[in-house]
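Here is the structure we will look at.
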Amino acid sequence: MIHIPKSEYSRRRKALMAQMVPNSIAILPAAAVAIRNRDVEHVYRQDSDFQYLSGFPEPQAVIVLMPGREHGEYVLFCRERNAERELWDGLRAGQEGAIRDFGADDAFPITDIDDILPGLIEGRDRVYSAMGSNPEFDRHLMDWINVIRSKAHLGAQPPNEFVALDHLLHDMRLYKSAAEVKVMREAARISVQAHIRAMQASRAGLHEFSLEAELDYAFRKGGAKMPAYGSIVASGRNSCILHYQQNDAVLKDGDLVLIDAGCEIDCYASDITRTWPVNGKYSPEQKAIYELVLAAQEAAFAEIAPDKHWNQAHEATVRVITAGLVKLGLLHGDVDELIAREAHKAFYMHRAGHWLGMDVHDVGEYKVDGEWRVLEVGMALTVEPGIYIAPDNQNVAKKWRGIGVRIEDDVVVTKTGCEILSHGVPKTVAEIEALMAAARTQAA
Ligand code: GLY
Ligand code: MN
Ligand code: MN
């Protein structure tokens, strides 16, 4: 399995600590186990920041980083080994494993954190934490600080600065290393296979969930633990619902089906959308809209390179889509004027993409000092223009209504432009129709 090497986690911790002020401490909790319903838990997914710095896959753990500390800069609190619990729930690293396998300089049982952590915080000027995102942990942190405050008369020094860790950490996460790109390429490769499989299986009379099952099969078979987000399998007018997840309608002859799905590998997401005809052949209207979205995506790729800013790709999609909708008679007027009053938003109501990484909508600022961010090598993003013609849109001829098309690929910025990580799913009308025709011939 392709994964992030241990050495990279160590490099990340060092890089973060190099940016922390002297005499400071960073504290990050693992994700909590989420209950689905009585006695049933959601599949555990580590918190992305925690994972980024440790690769430690267990709940009930806390990372503590103290740059320059003589007795060890990296302390991990985690669950103790426990034969009975491990018999029921699976193996635990324990403190030995935390040091041996996960690079901690020192490790303590999580049950001892209230006794030990105040002592580690005491005397440090600044505490970095993800304030506000985990109220329970924020309360714990204040409890630990209050333990120190209660000993002030004995000379204990509580920290006087509390700083959000996000700014430093999320900027690091925005730039993907070679190892990260490799993992993201693998996530995309498996998702590409999943989309091809769903395309080949597409038939009128099946349900949307039948195609979702094809995706899930390919994800798991490829080694992914789970999808990076709830798969969207939206046929017919459902394709105009941006975050449709019901996935239970019958696939109808003559309809399109839009699938937005991607798996996660070692906590790195892929995010791919394709839209194809259920019966393997686009109608003239479906084809016209599809090819317009594809042209918009091509225009966006051309605007992704170092020194271009974040919004250029989006602007390119807006121009192509607006001009195309005028040409098809779906919008009326002067293209520049229509762009100025954002007329496209009736059909294209989202942006051309987002950062992609450990979170499908990944962290990282889109603007710096009020200006769109300039792209740099290693930034990963999606490119996903779409056109959605509402089924009840009375301003357009009936033949257009209910058509929804999105095409989404994952890219990483390179020195000369961008690498498309998710290439390999057929994308032109001819490619898709050929793949689907071949699948039908084989099945017949
Ligand atoms: N799948 C979520 C998105 O495309 O942003
Ligand atoms: Mn998507
Ligand atoms: Mn996306």
Side-chain angles (χ1 to χ4, degrees), residues 45 48 173-174 176 184-185 187-199 208-209 211-212 214-216 218-219 224 226-235 238-247 256-265 267-276 290 293-294 296-298 300-301 303-304 310-311 313-314 316-318 321 345 347-364 366 373 375 379-388 404-413 418-427:
R45 164 58 157 79
S48 297
R173 280 178 53 188
L174 179 56
K176 274 66 181 180
M184 290 179 73
R185 227 180 254 132
R189 189 190 65 76
I190 296 164
S191 302
V192 162
Q193 294 310 313
H195 276 262
I196 290 176
R197 202 181 156 88
M199 240 177 229
E208 292 165 343
F209 55 68
L211 301 188
E212 187 181 5
E214 302 291 341
L215 300 168
D216 288 341
F219 290 164
M226 56 189 133
Y229 53 91
S231 301
I232 296 169
V233 183
S235 65
N238 298 334
S239 60
C240 297
I241 303 171
L242 297 179
H243 285 166
Y244 178 78
Q245 297 212 335
Q246 241 164 292
N247 299 1
L256 291 175
V257 56
L258 178 159
I259 293 194
D260 182 343
C263 69
E264 185 176 90
I265 293 288
C267 291
Y268 284 83
S270 56
D271 181 5
I272 303 178
T273 307
R274 288 291 184 272
T275 311
W276 62 82
Y290 186 88
V293 176
L294 189 54
Q297 201 203 30
E298 292 294 342
F301 288 143
E303 296 300 327
I304 298 172
W310 165 260
N311 209 40
H314 179 71
T317 61
V318 168
I321 285 176
K345 281 194 170 169
F347 301 95
Y348 173 32
M349 52 294 278
H350 57 75
R351 294 192 48 86
H354 48 82
W355 301 131
L356 180 73
M358 300 185 82
D359 295 309
V360 63
H361 294 170
D362 207 28
V363 294
Y366 291 97
R373 187 147 201 160
L375 298 178
M379 292 179 174
L381 54 141
T382 64
V383 184
E384 50 175 309
I387 295 176
Y388 315 90
V405 172
R406 177 163 65 256
I407 307 173
E408 176 172 31
D409 283 287
D410 304 341
V411 310
V412 59
V413 180
C418 64
E419 174 190 342
I420 302 176
L421 304 175
S422 49
H423 68 85
V425 199
K427 197 151 68 169

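Owing to the predicted nature of the structure, the values given are computational and were not obtained by experimental measurement. All residue numbers in this chain count up from 1 along the given sequence. Worth knowing before you read on, the calculation uses all heavy atoms, side chains too, and leaves out hydrogens, waters and symmetry mates. Counting convention: from 1, in listed order, for ligands and their atoms alike.
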query = For residues Tyr388 and His350, is any side-chain donor paired with an opposing acceptor at under 3.5 Å?
reply = yes
message = Counting only heavy atoms closer than 4.0 Å, does ligand 1 sit against the backbone of Thr382, its side chain, both, or neither?
response = neither
ask   = Touching ligand 1 at all, His243? Heavy atoms, strictly under 4.0 Å?
value = no
query = With respect to Asn238, which candidate in Gln246, Glu208, Gln245 satisfies the side-chain hydrogen bond (donor to acceptor under 3.5 Å, both in side chains) definition?
reply = Glu208
ask   = Going by the order shown, which atoms of ligand 1 are within less than 4.0 Å of some heavy atom of Glu408?
value = 4 (O)
task = Tell me yes or no: between the side chains of Glu384 and His354, is some donor less than 3.5 Å from an acceptor?
result = yes
key: Polar protein atoms near the Mn ion (ligand 3) [N, O or S; cut-off under 2.8 Å]   = Asp271 OD2, His354 NE2, Glu384 OE2, Glu408 OE2
Student check: side-chain heavy atoms of Asn311 and Arg351 closer than 4.5 Å = yes
query = Got a second to check how far Phe347's CZ is from Ile321's CD1, nearest 0.5 Å?
reply = 11.0 Å
request  = List the closest protein heavy-atom neighbour of atom 5 (O) of ligand 1: residue, atom name, distance to the nearest 0.1 Å.
outcome  = His361 NE2, 2.6 Å
message = So for Val360, does at least one of its heavy atoms come nearer than 4.0 angstrom to any atom of ligand 1?
response = no
Distance, nearest 0.5 Å, that separates CD of Glu298 from CD of Glu303 = 12.5 Å
query = When you check the side-chain N and O atoms of Ser48 and Asp359, is any donor under 3.5 Å from an acceptor?
reply = yes
query = Is the closest basic N to carboxylate O distance between Asp410 and Arg185 below 4.0 Å?
reply = no
